[in-house]
Amino acid sequence: MEDVQVVAALIRRCIAGDAAAWEEIVRRYHRRIYNLCYRFAGSGEDAQDLTQEVFIKMYKTLNTYDDERAAFMTWITSITRNLLVDHFRKTKHDRMTDSLDVPVSEHEDAMPLSHRMEDHSPAPDARLQSRETGESVHHALQKLSPELREAVILRDLQDMDYREIATVLRVPEGTVKSRINRGRAELARLLERTYKQVM
Amino acid sequence: MSGETNKAIECSEFDRLLMEALDGALSGDKLKRFHAHARACSACGPLFAEIDAGRRLLRSLNEVEPPAHLVNNILAATAGLDTARLELPGRTVALQPAWLDRLENWVAPVLAPVFALVRQPRFAMSFGMAFFSLSMALNLAGVRLGDVHHVDLRPSALVRQYHMTAGRVVKYYENIRFVYEIESRVRDLKRATTPAEPAPRPEHQRKDNNTSQHEPKPERNSSWGDNQPMLASGRQDRLVTIACASRRLV
Ligand SMILES: [Zn+2]
């Protein structure tokens, strides 16, 4: 997935002040980071802010990256995860007080919590149904505890292996696996009616 | 628990094989025995079904497309920073005056009065407010806001963005990405004023004026409905002041 040599060269050029190299890094990784932030934080607006914060942090700490210790992708995922944890702590209170105020996002699979799948009858159209499933999965994901949410996102959406996830979350691999499965099961329970229809 | 044959696996073995089964790494006899236990065991079967369903649902999610302007915003946000420097806590605060200085140089001929106003302590204007005022001044100068494609700077969008909770407003306007948007706007201003610029269409002006004047719609939730009138009146008072100032001097 990432060409170690190419990335190492990009980082070196970047530290030397090569703006084109930095732009290349941003172009390579912004989509992945944005998706991670979007799935964790829930809204496209927060995901934009967070993605930008991730790159600012990355830019300032690029010289601390050690390719002997971790793949670049693992390193930037750690930065992202740490910012997401901070974000969660900061917004926890807000979200508890207005939990129905999930911002209307620009993404097609986002919808207000008040329109969650549980309140819907099955859509007759198969395409519509799969879109609604996407929306309801995204919102059910927001209801998982952050520990379970990050574990399933890294595994099932970002396709990281257990060892990489263990590095990012700084917990043993056994804990990672248990959280992934608990997260999956919890999500399935939240969407029970939906998944019985589609599976 | 199942005890069908002596080859059948126990719950503990099932647990151990669970991840491999989900990852598609089990095959042959092992896989058969795994599924046989799932069918026979009232504890393991439903658990496996749930985990598997959750996994499929998660993997059915498509990657979302980041906004088109995200890369540019990131590049703009990191342009003024030195890489690999120690993080300074007051970063955005420290950056703002420098950016304002640069901006002032670019637009000085047209908008100096606005900046003079913005910088007066008695107005105690935030950077965000300064931006908002600048937008309005440009608007009155006839720059067509609808022409800016990559960022949503239509008055209605600005009104929407402005009407968030107070904390949110501060965070949003402190965000360095606004600097990028100002740059875009200044480029548009230059483009609009240097060549043979067609006179602003009256209907367009009317539209913009309307949008900036009318009460913001309660677009989303009601939880911050109480704040709206206060924010709205504060905004409009200041805008009127600035709009008058810029109109007089343009
Ligand atoms: Zn069992």
Side-chain angles (χ1 to χ4, degrees), chain A residues 14-15 17 19 22-23 26-27 30-32 34-35 38-39 44 47-49 51-52 55-57 59-64 94 97-98 100-101 103-104 106-109 130 133-134 137-138 140-141 152-153 155-157 162 177 180-181 183-189 191 194-196 198-199, chain B residues 15-16 18-20 22-23 46-67 69-88 91-92 152 160-161 164-165 167-168 171-172 175-177 180 219-224:
Chain A
C14 212
I15 292 172
W22 173 242
E23 183 169 344
V26 174
R27 291 196 186 279
H30 80 285
R31 170 184 291 267
R32 190 181 165 91
Y34 177 80
N35 270 270
Y38 174 64
R39 293 304 182 190
Q48 281 188 61
D49 289 352
T51 305
Q52 199 164 302
F55 278 99
I56 289 171
K57 181 94 182 176
Y59 192 74
K60 289 174 169 177
T61 56
L62 211 50
N63 69 335
T64 66
D94 301 342
T97 49
D98 54 17
L100 282 173
D101 175 29
V104 178
E106 55 270 41
H107 296 304
E108 58 171 26
D109 67 354
S130 86
T133 305
V137 173
H138 181 73
L141 197 49
V152 296
I153 290 173
R155 178 62 190 159
D156 287 329
L157 303 184
Y162 304 117
K177 290 178 179 174
I180 290 167
N181 282 342
R184 288 165 169 170
E186 176 80 24
L187 190 92
R189 279 194 291 274
L191 294 161
T194 314
Y195 88 76
K196 275 183 181 159
V198 288
M199 295 197 181
Chain B
D15 271 354
R16 208 176 56 72
L18 184 58
M19 231 39 181
E20 280 180 75
L22 289 161
D23 292 338
L47 179 71
F48 174 71
E50 242 173 24
I51 292 171
D52 193 38
R55 181 182 166 280
R56 283 165 199 264
L57 284 164
L58 284 159
R59 285 175 182 259
S60 76
L61 284 178
N62 294 321
E63 200 177 58
V64 294
E65 196 60 36
H69 55 78
L70 183 59
V71 168
N72 285 330
N73 284 353
I74 292 167
L75 294 175
T78 48
L81 307 175
D82 290 335
T83 183
R85 242 186 14 194
L86 280 176
E87 187 145 15
L88 302 169
R91 176 182 54 78
T92 47
D152 194 357
R160 186 179 71 76
Q161 284 160 353
M164 298 180 181
T165 59
R168 182 77 195 161
K171 178 168 177 284
Y172 197 82
N175 194 316
I176 195 71
R177 97 172 163 219
Y180 173 72
E219 287 193 72
R220 296 196 303 209
N221 58 68
S222 54
S223 64
W224 38 260

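All chains are named by letter (A, B, ...) in the order of the sequence lines, taking the proteins before the strands, and each is independently numbered beginning at 1. Predicted, not measured: the structure shown is a model, and the values here were computed from it.
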Heavy-atom distance under 4.5 Å between the side chains of [X] and [Y], does that happen here?
X: B:Asp52; Y: A:Arg184; result: no
X: B:Asp23; Y: A:Tyr162; result: yes
X: B:Met19; Y: A:Ile180; result: yes
X: B:Pro66; Y: A:Tyr38; result: no
X: A:Tyr59; Y: B:Ile74; result: no

Item to check | Contacts of B:Arg16 that satisfy side-chain contact (heavy atoms from CB on, under 4.5 Å) - sequence neighbours left out | outcome: B:Glu13
Next on the checklist: My understanding is that only residues two or more places apart in sequence, or in another chain, count here; which of them pass side-chain contact (heavy atoms from CB on, under 4.5 Å) with B:Leu18?
Outcome noted: A:Asn181, B:Phe14, B:Leu22, B:Phe34, B:Phe48, B:Ile51
Shortest non-hydrogen contact between [X] and [Y], atoms and distance:
X: A:Ala188; Y: B:Gly54; value: CB-N, 3.7 Å
X: A:Gly134; Y: B:Leu61; value: O-CD2, 3.4 Å
X: B:Arg59; Y: A:Arg155; value: NH2-O, 3.3 Å
X: A:Leu187; Y: B:Leu57; value: CD2-CB, 4.2 Å
X: B:Leu58; Y: A:Leu141; value: CD2-CD1, 3.8 Å

Item to check | Salt-bridge criterion met for A:Arg189 and B:Glu50 (N-O under 4.0 Å) | outcome: yes
Next on the checklist: Does this structure show an ion pair linking A:Arg32 with B:Glu63, if we count only N-O contacts that are shorter than 4.0 Å?
Outcome noted: no
Next on the checklist: Less than 4.5 Å to any heavy atom of chain B: does that hold for the side chain of A:Ile153, its backbone, both, or neither?
Outcome noted: neither
Next on the checklist: Please determine whether salt bridge (charged side-chain N to carboxylate O under 4.0 Å, His left out) holds for the pair A:Lys177 and B:Asp15, giving the CA-CA distance in whole Å, both sets of side-chain angles, and the decisive distance to 0.1 Å.
Outcome noted: CA-CA 11 Å; A:Lys177 290 178 179 174; B:Asp15 271 354; over 6 Å; no
Next on the checklist: Once rounded to the nearest 0.5 Å, what's the spacing between atom OG1 of B:Thr78 and atom CZ of A:Phe55?
Outcome noted: 9.0 Å
Checklist outcome for this item: d(A:Arg31 CZ, B:Leu70 CG) to nearest 0.5 Å is 10.5 Å
